[in-house]
Structure formats: C-alpha cells, structure tokens
Protein chains: 2
Amino acid sequence: MSAQTTTRGNDADLAENANGAQRLHTTELANEIEFLTARARSLGSGRANNMLAELDLKVRSYSVLSLACSGENPSQRELADFLSLDPSQIVALVDQLERRGAVTRETDPRDRRSKVIVATTAGRNLYKRAESIIRRAEDQSLSTLSPQERETLRDLLKRIAF
Amino acid sequence: MSAQTTTRGNDADLAENANGAQRLHTTELANEIEFLTARARSLGSGRANNMLAELDLKVRSYSVLSLACSGENPSQRELADFLSLDPSQIVALVDQLERRGAVTRETDPRDRRSKVIVATTAGRNLYKRAESIIRRAEDQSLSTLSPQERETLRDLLKRIAF
DNA sequence: TATTGTTATACTCTATAACTATA
DNA sequence: TATAGTTATAGAGTATAACAATA
C-alpha cells in the first residue's frame with residue numbers, strides 16, 4: 001500500500017520484548033520477506049504516526065502534503081494512483097488539509113474535471129516540520145543499519161515497489 | 001507480513017501503470033524507506049491475499065497457521081505479541097481455523113489459563129499448499145531481484161523488524 | 001493482585017457503487 | 001461514452017475496556 005495504515009506499533013513491541021515470543025524468531029514465517037516487510041512497515045508507520053501526532057498529521061496526510069509540496073502539481077487522481085488509495089479516500093485527506101489551510105484545490109484549466117493539489121505557504125511550513133519528524137522517525141527505525149546498508153535497502157525496495 | 005492488512009493491491013497498480021503518475025517517482029516521498037516499505041508491503045500482501053483466496057485463507061490466517069505448524073507450540077498470547085495483533089484478534093483468527101479443523105486449542109497443563117495452538121493433520125496439509133502459494137507470490141513480488149539480492153533484503157529487513 | 005483468553009464496542013481504514021460535471 | 005471528483009455505505013481491520021478463570 002503505500003499509503004499506509006495505522007498500526008499498534010511500539011507498545012506491542014515493548015510487550016513482545018518484555019515477553020518471550022523470541023522462540024518464534026527462528027520460525028519459517030519469521031524468515032519470509034513478505035512477513036518481514038509487513039512487520040517493518042507496521043513498526044515504522046506506527047512510530048511515524050506517533051511522532052507526527054504533535055502536528056496533527058498521520059503518515060497518510062503527510063504523504064499527500066509531501067506530494068503537494070513536490071512541485072509536480074499532482075491531481076487527485078494521480079495521488080490516488082501513486083498512493084494506491086481509492087479516489088474517495090483522497091477526497092477526505094485533501095478535505096482535511098484544505099480545512100487547515102495547508103493545501104488548495106485548483107481546477108486544471110486544460111481539463112476542468114481535474115483538480116490540482118498545491119500547497120500554501122502555511123502548508124510548506126507544515127511540511128518542513130513534518131519532514132524533519134519523519135527523518136527522525138526513519139532514523140530511529142533504521143538505527144541498526146549503517147548508512148550504506150540504508151542505501152542498499154532503499155534501492156532494493158525501490159525496485160520491488162515500482 | 002505480520003500483521004497486515006488487506007490492500008487494494010494489483011488492480012490499483014495496473015491503473016497506475018496504465019496511467020501516468022510516473023512523474024511522482026522522482027519525488028522525495030518516493031525515496032523514503034518508510035514509504036517504499038509500505039508500498040512493497042501493500043503490493044506483496046495484496047498479491048498474496050489474492051492468491052491465497054483459493055484456499056480461503058488470507059495472509060493473517062496463513063501466519064497463524066504457519067506458527068501453529070512451526071513445532072513451537074505458541075500460545076495465543078505469544079501469537080498476539082509476535083504478529084503485533086491484539087489478543088482479541090487472535091481469538092477470531094483461531095476460531096476460524098479451528099472451525100475448519102485446521103488447528104486445535106489445547107490447555108497448557110503447566111498454566112491452565114494459557115491455550116496452545118497446534119495444527120491438526122488437515123491443518124498441516126493446508127499449510128503445505130498455502131506455503132507453496134506464498135512462495136510463488138513472493139517469487140513474483142521479488143521477480144526483479146536476483147537470489148543474492150533477495151538474501152540481502154531478507155537480512156536487512158530482519159534487522160529492522162526485530 | 002496480575003495474566004490469559006474472551007466478549008463487546010467504537011473507531012479507522014478499505015472497497016464499491018452511484019451521482020455530477022466535464023470531456 | 002468515458003473520466004475526475006464527490007458522496008454514501010458497507011465491510012474489514014484496529015484499539016479499548018470489561019469480565020471469567022486461573023495464577
């Protein structure tokens with residue numbers, strides 16, 4: 001998905017550490033890439049959501065805001081395609097961001113059905129703060145990896161994600 | 001995936017390919033490891049769920065079945081911890097698998113509060129078939145990676161997932 | 001008093017279909 | 001006839017609290 005989902009996140013994992021489900025780490029399941037990807041995502045987006053809460057954002061709304069700030073002037077349809085979300089979910093996300101003055105909908109003059117999402121100045125400021133939080137969250141989630149390993153991971157993921 | 005979620009999966013991505021949201025691939029967001037992980041997970045579990053449908057399983061129930069077949073005799077509490085799911089969700093998943101005769105709940109004699117989940121013969125047969133489907137799904141999801149790269153990815157993910 | 005499993009409930013996320021306005 | 005955005009709704013997934021049995 002891309003666009004991700006809220007998850008139980010950190011609390012559950014503290015529980016696991018406190019507890020003793022480490023026996024299960026040697027299991028077949030624990031070595032499946034799909035499982036590991038899902039677990040990494042769950043931990044990562046859980047942490048990111050917790051940290052973004054201070055800006056009243058979630059990973060979802062952050063993603064939309066980020067693309068609105070990208071300079072690519074995405075339409076809602078493009079956001080839906082790229083984030084693997086239904087167009088109706090984009091409506092709700094853009095509504096929220098628009099209500100707080102972070103983005104505006106501008107009708108594309110070349111196709112008046114289409115609405116381009118662009119960030120306001122306030123939206124770009126919000127994004128700057130959110131981006132730095134996301135960077136800290138990512139840094140924490142990847143704390144066991146060296147910079148080189150992080151680049152390797154990024155490249156491998158990029159090849160399977162697109 | 002661990003604990004995962006159903007996702008829109010393949011259809012959305014065909015739409016993306018058909019469409020032209022490729023502009024957004026150069027975006028900052030598209031290079032964030034968290035985003036790529038989420039997207040990879042979404043594609044992967046979407047595909048796996050589609051393929052597991054013929055066995056009337058999902059990634060969730062497959063994960064529980066897999067751990068029930070692991071020989072580690074996990075309790076429901078351990079399943080919840082390991083899969084980052086709430087204990088009440090485990091109840092529902094085990095109920096389903098128990099109803100179809102794939103697993104049984106056995107009271108742990110050393111702690112009669114705890115119930116150990118063990119696979120039946122039918123459950124192990126079901127798991128064999130599911131496992132081969134999961135392997136095919138994973139193979140398709142990782143088709144752009146060499147065997148070596150897959151191992152690298154597995155190791156990196158393992159270090160951030162646990 | 002604390003923990004395992006269970007039930008119930010509310011909330012979020014996801015999927016689908018129908019509508020409108022534009023093309 | 002088809003597409004972008006919107007609305008409404010139902011379903012799946014998630015989080016929380018309370019309870020019984022057991023420790």
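Since this is a predicted model, take the numbers as computed values, not measurements. Each chain gets a letter, A, B and so on, in the order the sequences are listed, and its residues count up from 1.
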query: Can you tell me how far CZ of A:Arg154 sits from CZ of A:Arg159, rounded to the nearest 0.5 angstrom?
result: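 One finds 15.0 Å between CZ of A:Arg159 and CZ of A:Arg154.
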
Atom [atom1] of [X] to atom [atom2] of [N]: distance rounded to whole Å?
| X | N | atom1 | atom2 | answer |
| --- | --- | --- | --- | --- |
| B:Glu78 | C:dT3 | CD | P | 15 Å |
| B:Arg41 | C:dT14 | CZ | C1' | 11 Å |
| A:Leu79 | D:dT3 | CG | P | 19 Å |
| B:Leu85 | D:dT16 | CG | P | 14 Å |

query: Got a salt bridge between A:Asp95 and A:Arg100, using NZ or NE/NH1/NH2 to carboxylate O under 4.0 Å?
result: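 No, A:Asp95 and A:Arg100 are not salt-bridged.
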
Pairs under 3.5 Å (N/O, protein and nucleotides 20-23 of chain C):
from   : atom 1 : to       : atom 2 : distance (Å)
C:dA23 : OP1    : A:Arg112 : N      : 2.9

field: For B:Asp111, all residues meeting side-chain hydrogen bond (donor to acceptor under 3.5 Å, both in side chains), sequence neighbours excluded
entry: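 With sequence neighbours excluded, B:Asp111 shows a side-chain hydrogen bond (donor to acceptor under 3.5 Å, both in side chains) to B:Arg113, given in chain and number order.
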
Contact summary for A:Ala30 and A:Leu24, nearest pair of heavy atoms: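 The pair with the smallest heavy-atom distance is CB-O, 3.6 Å.
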
- prompt: Closer than 4.0 Å, any side-chain N/O of B:Ser75 to the OP1 or OP2 of C:dT4?
  reply: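 No, B:Ser75 has no side-chain N/O under 4.0 Å of OP1/OP2 on C:dT4.
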
message: Looking at C:dT12, I'd like to know if its phosphate oxygens (OP1 or OP2) sit under 4.0 Å from a side-chain N or O belonging to A:Lys58.
response: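 So the side-chain polar atoms of A:Lys58 never come under 4.0 Å of the phosphate oxygens OP1 or OP2 of C:dT12.
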
- prompt: Who passes side chain to side chain contact (heavy atoms under 4.5 Å, CB included) against B:Arg136, sequence neighbours left out?
  reply: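 So B:Arg136 forms a side chain to side chain contact (heavy atoms under 4.5 Å, CB included) with B:Met51, B:Ile133.
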
Between the protein and nucleotides 6-8 of chain C, which nitrogen or oxygen pairs come in under 3.5 angstrom?
from  : atom 1 : to       : atom 2 : distance (Å)
C:dT6 : OP1    : B:Arg105 : NH1    : 3.3
C:dT6 : OP1    : B:Lys115 : NZ     : 3.0
C:dT6 : OP2    : B:Gln76  : OE1    : 3.0
C:dT6 : OP2    : B:Gln76  : NE2    : 2.8
C:dT6 : OP2    : B:Arg105 : NH1    : 2.6

- prompt: Given a cutoff of under 4.5 Å between side-chain heavy atoms of I, L, V, M, F, W and Y, with clusters grown through shared members, what are the other residues clustered with A:Val118?
  reply: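 Cluster partners of A:Val118: A:Val116.
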
Sequence-distant partners of A:Asp155, salt bridge (Lys or Arg N to Asp or Glu O under 4.0 Å), two or more places apart: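 Salt bridge (Lys or Arg N to Asp or Glu O under 4.0 Å) check on A:Asp155 returns nothing, list empty.
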
